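We name chains A, B, ... by the order of the sequence lines, and we start the count at 1 in each one. Every value quoted in this text rests on a predicted model; they were computed, and no experiment measured them.
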Amino acid sequence: MRYWLMKSEPEAFGIDDLMNRPGQTEAWDGVRNYQARNMMRDEMRVGDSVFFYHSNCALPGIVGLACIAREAYPDSTDPASATAKPRWVVVDVQFVRKLARTISLTELKTWPELADMPLVRRGNRLSIMPVTPGQWNFILSLE
DNA sequence: GCCAACGTTGGC
DNA sequence: GCCAACGTTGGC
């Protein structure tokens, strides 16, 4: 059982959108970064826990919890998805709950305990990243 | 809207 | 296979 952080722009698809989906589940499509894809394809397993992060918005930060509901399969938004060699994959992500408050990026950056997270490192653009159990528990304790 | 960071593309 | 140009991400 692993822990992840997944970024999404709330204007495109936010935590409320996930909550309101049928089954509260949605395919996480559109990932076009190999590192992120490889994590989805090779490491994500059903039941893994996910921090849902809002990016590129007024208050970037962690807004909720989700889990992996289905392991990697071809991304239907990829033109090659129906061919023998799909390049991009999705996983299904299921809503768990919203946090009581947004734990903002600004706040996350203040904690030495989280200094190793790619999220708080300058220039990092990974949209999916692993979270250690220690980081996961520490962040939840901030709620 | 600006712009730094960085991944990708394509000419050579 | 190098690397400059270009496009995208995402905080501010």
Side-chain angles (χ1 to χ4, degrees), chain A residues 1-21 24-46 48-143:
Chain A
M1 157 90 164
R2 299 186 187 196
Y3 301 95
W4 305 95
L5 182 145
M6 300 173 83
K7 297 181 184 176
S8 186
E9 302 190 12
E11 206 163 294
F13 186 79
I15 188 77
D16 288 326
D17 296 309
L18 182 62
M19 185 176 66
N20 293 323
R21 275 291 188 277
Q24 300 190 313
T25 300
E26 180 76 353
W28 201 269
D29 61 21
V31 171
R32 295 294 182 269
N33 171 283
Y34 289 104
Q35 208 178 336
R37 181 208 56 188
N38 293 347
M39 284 188 276
M40 288 201 294
R41 189 190 59 194
D42 303 334
E43 298 183 50
M44 283 187 173
R45 296 294 173 258
V46 170
D48 284 0
S49 292
V50 176
F51 281 137
F52 197 109
Y53 179 92
H54 280 176
S55 67
N56 207 12
C57 58
L59 185 63
I62 296 168
V63 295
L65 306 182
C67 66
I68 302 301
R70 181 180 168 189
E71 287 169 21
Y73 59 100
D75 185 344
S76 63
T77 67
D78 168 18
S81 65
T83 72
K85 291 189 176 178
R87 178 179 297 189
W88 303 109
V89 301
V90 300
V91 295
D92 283 356
V93 171
Q94 183 168 23
F95 178 82
V96 172
R97 68 178 178 89
K98 291 210 246 185
L99 295 189
R101 66 184 187 89
T102 298
I103 303 175
S104 71
L105 177 62
T106 309
E107 178 178 354
L108 293 170
K109 282 180 171 172
T110 65
W111 297 103
E113 289 89 340
L114 305 177
D116 289 337
M117 289 187 81
L119 184 71
V120 303
R121 315 214 86 147
R122 196 177 59 140
N124 187 274
R125 288 167 35 189
L126 256 193
S127 62
I128 296 174
M129 67 189 75
V131 175
T132 70
Q135 290 162 350
W136 179 273
N137 290 324
F138 181 80
I139 290 169
L140 274 186
S141 78
L142 299 174
E143 185 186 8

> Using a cut-off of 4.0 Å between protein heavy atoms and nucleotide atoms, how would you tag nucleotides 5-10 of chain B 5' to 3' with B, S and -?
Replying inline: BB-S--

Over how many whole Å does the gap from [X] atom [atom1] to [N] atom [atom2] extend?
X        : N      : atom1 : atom2 : result
A:Met117 : C:dG11 : CE    : P     : 13 Å
A:Glu107 : C:dG11 : CD    : C1'   : 17 Å
A:His54  : C:dG11 : NE2   : C1'   : 16 Å

> Taking only residues two or more places apart in sequence or in another chain, which ones pass side-chain contact (heavy atoms from CB on, under 4.5 Å) with A:Asp29?
Replying inline: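 Testing A:Asp29 for side-chain contact (heavy atoms from CB on, under 4.5 Å), a comparison that skips the adjacent residues, returns A:Asp75, A:Thr77, A:Val90.
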
> Looking at residues at least two apart in the chain, or sitting in another chain, which of them share a side-chain contact (heavy atoms from CB on, under 4.5 Å) with A:Pro86?
Replying inline: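 With neighbours one apart ignored, the set is A:Pro74.
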
>> Which label fits A:Trp136 and A:Phe51: parallel for a plane angle under 30°, tilted from 30 to 60°, or perpendicular past 60°?
In response: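 Geometry flag for A:Phe51 against A:Trp136: parallel rings.
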
>> Would you call the rings of A:Phe13 and A:Trp28 parallel, tilted or perpendicular, taking 30° and 60° as the class edges?
In response: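 Taking A:Trp28 first and then A:Phe13, their aromatic rings stand perpendicular (interplane angle over 60°).
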
> Which atom pair, heavy atoms only, marks the closest approach of A:Pro10 to A:Ser55?
Replying inline: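 Minimum heavy-atom contact is CD-O, 3.2 Å.
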
